[in-house]
> 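Below you'll find the structure I mean.
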Amino acid sequence: MTDALNAIAGGALIGLAAVMMMGGIGRVMGVSGIISALLNERIGAGQHAPGRSDFIWRAAFVAGVFAAPLGHLVLIGQPPAATFDASPGVLVLAGLLVGAGAVVGSGCTSGHGVCGIARLSARSTVATFAFMSTGIAATFLMRHAFGG
Amino acid sequence: MRYGPLLAFVAGVTFSLGLLISGMADPAKVLAFLDIAGNWDPSLALVMASAVTINFIGLRIVTRRARPLLAEAFSIPARRDLDRELIAGAAVFGVGWGLAGLCPGPAIAALAIAPGSAAIFVGAMLAGMAAGRAIKQTGVLSDRRSAQHQ
């Protein structure tokens, strides 16, 4: 029950953050898009180089995402509870697939799953079904087929 | 746009608190949600339901204005086509998500939770993003390009 209430409360904050981004600066809160745009500007390969102000809000958003668990660490003396047990090899493979897939597929859990579905975007709805399906399949193979 | 970065920072903190409170920032919990054949934990479905509900209502309120509070215009994706890049990219993304239980937002938060694991994942994710951009530029998955070949 606590899990369910936490899920609803946390989800509400995620939705609220997306509303703040659109209502405040008119941008979709798509984390992969924000990160890949920062990366693109940093390596200077952008064909449509966005202005300096775009770089700053994107960096500020990412800093905010990092700041919340950091604040927990500083105030409480330990990081928020979480279990990371993937091996380095799995982390590398997973990171490569997540990064490449998000760029080619134009979004991730936040951009498609939270923002796109709320806009009733067919593209985002299809993308969310696609990544939920393959996510479930990958977890199944990892845990049950290969006895992880 | 003077206060835009401040707003983006506060939104980033709010988003991240949402990830932490909901359990989305815990890979073990994400994998328990995706593992429908195991000891399934369905609670994360409520995270998306709640986030989408709040965003659905909030978007309709804020976009009634002519423009955002701190910027000139709303920037909303206009594409409608269901192309191969979208579907193939999302499918590949899901495989990565299901392997480690991490997606881009939680991965950034994880840098302050489990820096060792998170740094490996984020480093690979940035490399993957650069590769994804290169793949897009070649147009191998683009519907338009394949149509020209036919």
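All chains are named by letter (A, B, ...) in the order of the sequence lines, taking the proteins before the strands, and each is independently numbered beginning at 1. The structure displayed is predicted, hence computed values, not measured ones.
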> Minimum heavy-atom separation for A:M22 to B:S75, with atom names?
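The answer is CE-O, 4.1 Å.
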
> So how far is it from A:D3 CG to B:S22 OG, rounded to the nearest 0.5 Å?
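The distance works out to 10.5 Å.
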
> Could you grab the distance from atom CE of B:M125 to atom CD1 of A:I35, nearest 0.5 Å is fine?
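With rounding to 0.5 Å, CE (B:M125) is 4.0 Å from CD1 (A:I35).
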
> Quick check on A:A137 against chain B: is it the side chain, the backbone, both or neither that has a heavy atom closer than 4.5 Å?
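No part of A:A137 comes within 4.5 Å of chain B.
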
> Under a 4.5 Å heavy-atom cutoff, which of B:F15, B:F74, B:F33, B:F56 has the most pairs with chain A?
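Ranked by heavy-atom pairs under 4.5 Å with chain A, first place is B:F15.
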
> Select one option (side chain, backbone, both, neither) describing which atoms of B:D41 are under 4.5 Å from chain A's heavy atoms.
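Contact with chain A involves the side chain of B:D41 alone.
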
> Using non-hydrogen atoms only, which part of A:V62 is less than 4.5 Å away from chain B: side chain, backbone, both, or neither?
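Both backbone and side chain.
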
> Taking all non-hydrogen atoms of both residues, which atom of B:A112 and which atom of A:P79 are closest, and how far apart?
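Shortest heavy-atom separation between B:A112 and A:P79 comes out as O-CB, 4.0 Å.
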
> Side chain, backbone, both or neither: which part of B:L59 has an atom under 4.5 Å from a heavy atom of chain A?
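Both parts, heavy atoms under 4.5 Å.
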
> Counting only non-hydrogen atoms closer than 4.5 Å, does A:S32 touch chain B with its backbone (N, CA, C, O), its side chain (CB onward), both, or neither?
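When you check distances to chain B, atoms from both the backbone and side chain of A:S32 fall under 4.5 Å.
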
> Which value, rounded to the nearest 0.5 Å, describes the distance between A:T139 atom OG1 and B:L34 atom CG?
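Taking OG1 in A:T139 and CG in B:L34, the distance rounds to 4.0 Å.
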
> So which part of B:A88 gets closer than 4.5 Å to some heavy atom of chain A, the side chain, the backbone, both or neither?
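When you check distances to chain A, no heavy atom of B:A88 falls under 4.5 Å.
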
> Considering only heavy atoms and a distance below 4.5 Å, find which of B:I120, B:L19, B:D35 pairs most often with chain A.
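Most heavy-atom pairs under 4.5 Å with chain A: B:D35.
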
> Under a 3.5 Å distance rule, please check whether A:T134 uses its side chain to pair with a backbone N or O of B:A91 as donor and acceptor.
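Flag set: sc A:T134 to bb B:A91 pair under 3.5 Å.
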
> Does some side-chain heavy atom of A:P80 sit less than 4.5 Å from a side-chain heavy atom of B:I113?
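With C-beta onward as the side chain, the pair touches.
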
> So for B:I135, is it side chain, backbone, both, or neither that comes closer than 4.5 Å to the heavy atoms of chain A?
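The side chain, not the backbone.
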
> Please state whether the side chain, the backbone, both or neither of B:A25 comes within less than 4.5 Å of a heavy atom of chain A.
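Just its backbone gets close to chain A.
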
> Please determine, among B:D26, B:V62, B:L7, B:V13, the option with the most heavy-atom pairs under 4.5 Å with chain A.
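Going by pairs under 4.5 Å, I would pick B:D26.
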
> Drop me the distance from A:L13's CG to B:T14's OG1, to the nearest 0.5 angstrom.
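It is 6.5 Å, given to the nearest 0.5 Å.
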
> Quick one: does A:S106's side chain get under 4.5 Å of B:E85's, heavy atoms only?
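Counting from C-beta outward, A:S106 and B:E85 never come under 4.5 Å.
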
> Which pair of non-hydrogen atoms, one from A:F84 and one from B:S117, has the smallest distance, and what is that distance?
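Looks like CB-OG, 4.0 Å.
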
> Should A:V126 and B:V95 be regarded as members of a common hydrophobic cluster, given that ILVMFWY residues are connected when their side-chain heavy atoms come within less than 4.5 Å of each other, either directly or indirectly?
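The answer is no; the residues belong to distinct hydrophobic clusters.
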
> What's the shortest heavy-atom distance between B:I87 and A:A130, and which atoms?
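For B:I87 and A:A130, the tightest heavy-atom pair comes out as O-CB, 4.3 Å.
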
> Quick check: is B:Y3 connected to A:V19 through a chain of hydrophobic side chains (ILVMFWY, heavy atoms under 4.5 Å apart)?
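As far as the 4.5 Å side-chain criterion goes, B:Y3 and A:V19 are not connected within one cluster.
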
> Is the ring pair A:F131/B:F93 parallel, tilted or perpendicular, if the boundaries are 30 and 60 degrees?
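The arrangement is perpendicular - the two ring planes meet at more than 60°.
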
> Please classify the contact between B:V10 and chain A as side chain, backbone, both or neither, with a heavy-atom cut-off of under 4.5 Å.
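Answer is both: backbone and side chain atoms of B:V10 are under 4.5 Å from chain A.
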
> If you tally heavy-atom pairs under 4.5 Å against chain A, which of B:V30, B:L6, B:L31, B:L126 wins?
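Among B:V30, B:L6, B:L31, B:L126, the one with the most close pairs to chain A is B:L31.
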
> Specify the closest pair of heavy atoms between B:A11 and A:M21, including all atoms of both residues, with the distance to one decimal.
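Closest pair (atom of B:A11, atom of A:M21, distance): CB-SD, 3.6 Å.
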
> Counting heavy-atom pairs under 4.5 Å to chain A, which of B:A28, B:A107, B:P106 comes out on top?
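Result: the option with the highest number of such pairs is B:A28.
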
> Take atom CZ of A:F129 as the centre, draw a 6.0 Å sphere, and report whether it contains more than 12 heavy atoms from other residues, nucleotides or ligands.
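Incorrect, the count does not exceed 12.
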
> Report the distance from atom CZ of A:R119 to atom CG of B:N55, rounding to the nearest 0.5 Å.
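Reported to 0.5 Å precision, the distance equals 9.0 Å.
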
> Please flag which part of B:T63 lies under 4.5 Å from any non-hydrogen atom of chain A: side chain, backbone, both or neither.
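Side chain only.
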
> Non-hydrogen atoms of chain B under 4.5 Å away: do they reach the side chain of A:I8, the backbone, both or neither?
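Its backbone and side chain both get close to chain B.
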
> Answer with side chain, backbone, both or neither: which region of B:R79 has an atom nearer than 4.5 Å to a non-hydrogen atom of chain A?
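B:R79 touches chain A through backbone and side-chain heavy atoms alike.
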
> Examine whether an atom of B:I61 lies under 4.5 Å from a heavy atom of chain A, and if so say whether it belongs to the side chain, the backbone or both; otherwise answer neither.
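No part of it gets close to chain A.
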
> Looking at chain A, which one of B:T53, B:L102, B:V92 has the largest number of heavy-atom pairs inside 4.5 Å, strictly under?
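Counting heavy-atom pairs under 4.5 Å, the top option is B:V92.
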
> Kindly say whether B:D81 contributes a backbone atom to a donor-acceptor pair with the side chain of A:R123 at under 3.5 angstrom?
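Pair found, side chain donor or acceptor close to backbone of B:D81.
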
> The test is side-chain contact (heavy atoms from CB on, under 4.5 Å); show your working for B:L86 and A:H112 and say whether it passes.
CA-CA 11 Å; B:L86 176 82; A:H112 282 313; 3.8 Å; yes

> B:G132 and A:V104: which non-hydrogen atoms are nearest, and at how many Å?
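Smallest interatomic distance, heavy atoms only, reads O-CG2, 3.6 Å.
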
> Just how far is it from atom CD1 of A:I14 to atom CD1 of B:I54, taken to the nearest 0.5 Å?
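Result: 11.5 Å between the selected atoms.
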
> Counting only non-hydrogen atoms closer than 4.5 Å, does A:S87 touch chain B with its backbone (N, CA, C, O), its side chain (CB onward), both, or neither?
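Neither part; nothing is under 4.5 Å.
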
